[in-house]
Amino acid sequence: MSDVTGAELRALMARVPSVEKVMASTEFATLIGEFGRTQVLAALRRALDDWRGHAQAGAASVSALDTAQLHANVDAALRQRNQARLRSVFNLTGTVLHTNLGRALLPDEAVRAVMQALTQPANLEFDLDTGKRGDRDDLIDELICELTGAEAATVVNNNAAAVLLTLSALASKKEVIVSRGELVEIGGAFRIPDIMSRAGAKLREVGTTNRTHLKDYDEAIGPNTALLMKVHASNYAINGFTKEVGVGEIAPLAHVRGLAVAVDLGSGTLVDLTQWGLPRETTVRETIEAGADLVTFSGDKLLGGPQAGLIVGRRDLIAKIKKHPLKRALRVGKLTLAALEPVLQMYRAPERLAERLTTLRLLTRPMADMQAAAERVLPVLQSAIGARYEVSAEPMFSQIGSGALPVDTLPSYGLVVRTADGKRGGRQLLALEKRLRELARPVIGRIADDALRLDLRCLEAADEAQLIQQLTAEAAAHPDDGSKGARA
Ligand SMILES: *Cc1c(COP(=O)(O)O)cnc(C)c1O
C-alpha cells in the first residue's frame, strides 16, 4: 500500500528543481570548487535517482526536494565517497606487530626522512662521488653489514620476496633440503613449499614434524642439492619430544660438501632482546656467526622499520642474487630506503633504542604507564558506552605478533568491558565491538572470555588524548546511554 497517491507523486516530482538550475546555484558552486563538476554532477544525479526511487516506492518519508536538501545529500555523499580508505585506527588488540594493522610504527626520524624523499630529489641511484649512476643498495648495505656482521646485503620488498629471490637465484632446478618441522605457513598464503616451487626449486623434506637429526640432512645431500635451508617456525611451537638441528651444526656439514646454508629468520632481530626483559630471539649476527651463508628477515617486524625484506650474507651469493632479474621486480622504492636508514642507525646506540625505536618502546612499556592510562580512559569509555556495560581496568597479556616469539606473552594492562547484567552477552559485546569499530578513528579491540578487551600497551600519550576526546564526544552524542541504570 502506497503512502503517496499518484497525483501527489506527480506534484512532488514536478517541484524537483532541474539539474541545470541546481548545478548553477550558489550552494553548489562551493561543492563544485571542492570536488569538481564531473563528480558533483554524478552525485547529484544519484541523489535525484534515489529520491525518485523512494518516491515511486511510496516511501512514507518522502518529501519535496529543494536545492538546500539536495545540497545536504550531495555534500554528505561526496564526503563519504572521498574519505580515505586507508584510515588510522587505535590498535588496542594487544598485538604490537599486528600484520593486519600495518605492523611496526615508524619513529619520527624515519617519518621525516620519508617526507624529504617524497618532496625532494635524492641520490637514490646516483653516486655523488663520481657523478655516475649508482646502486640503491649502496645507500644502506654498509650499515646493514655493520649491524649484522655480514659481508654483503641487499633489500627487497618484503621477506617473502627475499626468500623467493634467494631460492630463485641460488636453487632454481636444484634441491633445497628443509626439515619437515619447518615447512611453515606464515599467514596470508606464504607457505615454504609453495614459495619453493614458485622459485623453481625442488623441496627435499627431511626428518619428521617433531624431530630432525643432523644425519637426516647428511643423508639427503646429493649431486643436485643447492642449499640447506632453515626456516624460523615463527607462528607456532612444538613442545615435548622434539629435536631441531641448529645452524651451528648444519653449516659445517654443508660447507664440507661445498653447499650453502640459507636461514629465513622471519622477524630477525638485530639485538639481544633479553636486555630489556623480553623473550630471547636469535639475532641475525648470531645466525651469521653460527655459519649461515645467507639470512633473510623482515624490515617491519621486530626490526621496527618499514616493510622490507633484508638479505644478508656471503658476498658472492649476494652478488648472484643481485644479478637475478627478479631483483629488479622486487626492489624497494625510495620511501622504504629513506625510512630504513634512520631506523638502522638507531641500532648504533642500543642503550637509547628502547626510548627511540617505537616498536621496542611499546614492547617494553612500563606496567605503571599502561595502568595509569587505563585509569584515565576508564571513566570516559564507561560514559561513552553506557550503563549496559561495565568497564574495569585489569592486567592482561599482550603479544609481540607477526610470528615473533609466538608463545611468549607480555604482561600488560588495559580495559575489560563486560555486560552489566553479568550475562554472557555475546551479541551485546559484538554490537559494542562494532560500534567502537565505526567511530571516526576506529577502536580495534578483541573479544575473549565473554569480554571486550582493550589492551592499552600501544596507546601512547598523543593517541590517548585523541581517544579520550573521541570518547568524550561519543558520550555527549548519546547522553541517555551514559546514565547508570538507563536499562533496568
Ligand atoms: C613473516 C615471515 C615471512 C614473511 O615476511 P614478510 O616480510 O611478511 O613478507 C617469511 N618467513 C618467516 C619465517 C616469517 O616469520
Side-chain angles (χ1 to χ4, degrees), residues 91 94-98 102-117 139-150 153 155 265-289 295 297-308 310 312 332 335-373 398-402 404-405 408-413 455-465:
N91 173 12
T95 301
V96 177
L97 295 168
H98 198 299
R103 290 193 187 159
L105 301 175
L106 293 181
D108 289 346
E109 289 85 340
V111 174
R112 279 197 294 274
V114 170
M115 290 261 278
Q116 198 166 310
L139 297 168
I140 49 163
D141 61 356
E142 270 174 38
L143 185 50
I144 299 174
C145 292
E146 177 191 319
L147 298 170
T148 60
V155 185
L265 260 193
S267 202
T269 175
L270 298 178
V271 280
D272 178 6
L273 297 171
T274 58
Q275 60 188 298
W276 294 285
L278 292 170
R280 173 151 177 81
E281 179 84 346
T282 310
T283 65
V284 178
R285 183 183 290 277
E286 287 164 346
T287 311
I288 296 273
E289 280 170 359
V295 182
F297 52 103
S298 293
D300 57 353
K301 294 187 182 173
L302 279 174
L303 185 75
Q307 179 188 305
L310 287 77
V312 304
V332 286
L335 305 186
T336 304
L337 290 169
L340 195 51
E341 187 175 23
V343 167
L344 290 172
Q345 273 168 353
M346 286 181 184
Y347 282 89
R348 283 176 163 164
E351 70 281 7
R352 292 197 55 204
L353 204 57
E355 143 209 358
R356 298 169 73 195
L357 188 70
T358 313
T359 298
L360 192 58
R361 192 172 62 239
L362 294 175
L363 290 174
T364 58
R365 191 154 177 219
M367 182 64 103
D369 259 29
M370 300 184 273
Q371 194 167 351
S398 307
Q399 287 196 330
I400 296 178
S402 278
L405 313 146
D408 292 301
T409 51
L410 307 172
S412 183
Y413 218 88
D455 189 317
L456 299 192
R457 174 175 295 277
C458 296
L459 191 76
E460 291 197 288
D463 279 347
E464 183 191 319

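Just so we're clear, the structure is a prediction, and the values are computed from it rather than from any experiment.
- Here the side chain of Arg457 pairs a donor or acceptor atom with the backbone of Pro411 at under 3.5 angstrom.
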TODO: Start with the C-alpha distance between His98 and Cys458, add both sets of side-chain angles, then the distance that settles side-chain contact (heavy atoms from CB on, under 4.5 Å), and finish with yes or no.
DONE: CA-CA 11 Å; His98 198 299; Cys458 296; over 6 Å; no
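- In plain terms, the two heavy atoms of Ala339 and Val114 that are nearest each other are CB-CG2, 3.6 Å.
- Considering Thr269, Leu270, Leu143 in turn, Leu270 is the only one that fulfils the side-chain contact (heavy atoms from CB on, under 4.5 Å) rule with Tyr347.
- Residues passing the side chain to side chain contact (heavy atoms under 4.5 Å, CB included) test with Glu142, sequence neighbours excluded: none.
- How far OG1 of Thr148 is from CD1 of Ile144: 7.5 Å, rounded to the nearest 0.5 Å.
- A search for side chain to side chain donor-acceptor pair (under 3.5 Å) contacts involving Asp141 returns nothing, not counting sequence neighbours.
- With Leu97 as the fixed residue, the side-chain contact (heavy atoms from CB on, under 4.5 Å) test singles out one of Asp300, Thr359, Leu362: Thr359.
- Here the closest heavy-atom approach between residue Leu303 and residue Val343 is recorded as O-CG1, 3.7 Å.
- In this structure a side-chain-to-backbone donor-acceptor pair under 3.5 Å is present from Arg361 to Glu355.
- By the salt bridge (charged side-chain N to carboxylate O under 4.0 Å, His left out) test, Glu286 pairs with Arg280, sequence neighbours left out.
- Taking every heavy atom of both residues into account, Ser412 and Asp455 meet most closely at OG-OD1, 2.7 Å.
- By the neighbour-count criterion of 12 heavy atoms within 6.0 Å, atom CE of Met115 is sparsely surrounded, having that number or fewer from other residues, nucleotides or ligands.
- Between atom CD of residue Glu281 and atom OG1 of residue Thr274 there is a gap of 11.5 Å, rounded to the nearest 0.5 Å.
- Looking at every heavy atom in both residues, Thr364 comes nearest to Ala354 through OG1-CB, 4.1 Å.
- Expressed to the nearest 0.5 Å, how far OG of Ser398 lies from CZ of Arg365 amounts to 10.0 Å.
- With Val271 as the fixed residue, the side-chain contact (heavy atoms from CB on, under 4.5 Å) test singles out one of Leu353, Leu302, Thr283: Leu353.
- Contacts of Arg285 classified as side chain to side chain donor-acceptor pair (under 3.5 Å), with partners at least two apart in sequence or in another chain: none.
- Closest non-hydrogen pair, Leu357 versus Gly304, comes out as CD1-O, 4.0 Å.
- Taken from CD1 in Ile400 to CG in Leu363, the straight-line distance is 5.5 Å, to the nearest 0.5 Å.
- Rounded to the nearest 0.5 Å, atoms CD (Gln345) and CG (Leu147) are 9.5 Å apart.
- Arg348 pairs by the side chain to side chain donor-acceptor pair (under 3.5 Å) definition with Glu146, not counting sequence neighbours.
- Residue Thr287 holds its OG1 atom at 9.5 Å from CZ of Phe297, rounded to the nearest 0.5 Å.
- The heavy-atom pair separating Ala150 from Cys145 by the smallest distance is O-CB, 3.2 Å.
- Legend: residues meeting side chain to side chain donor-acceptor pair (under 3.5 Å) with Glu341, ordered by chain and number and at least two apart, are absent.
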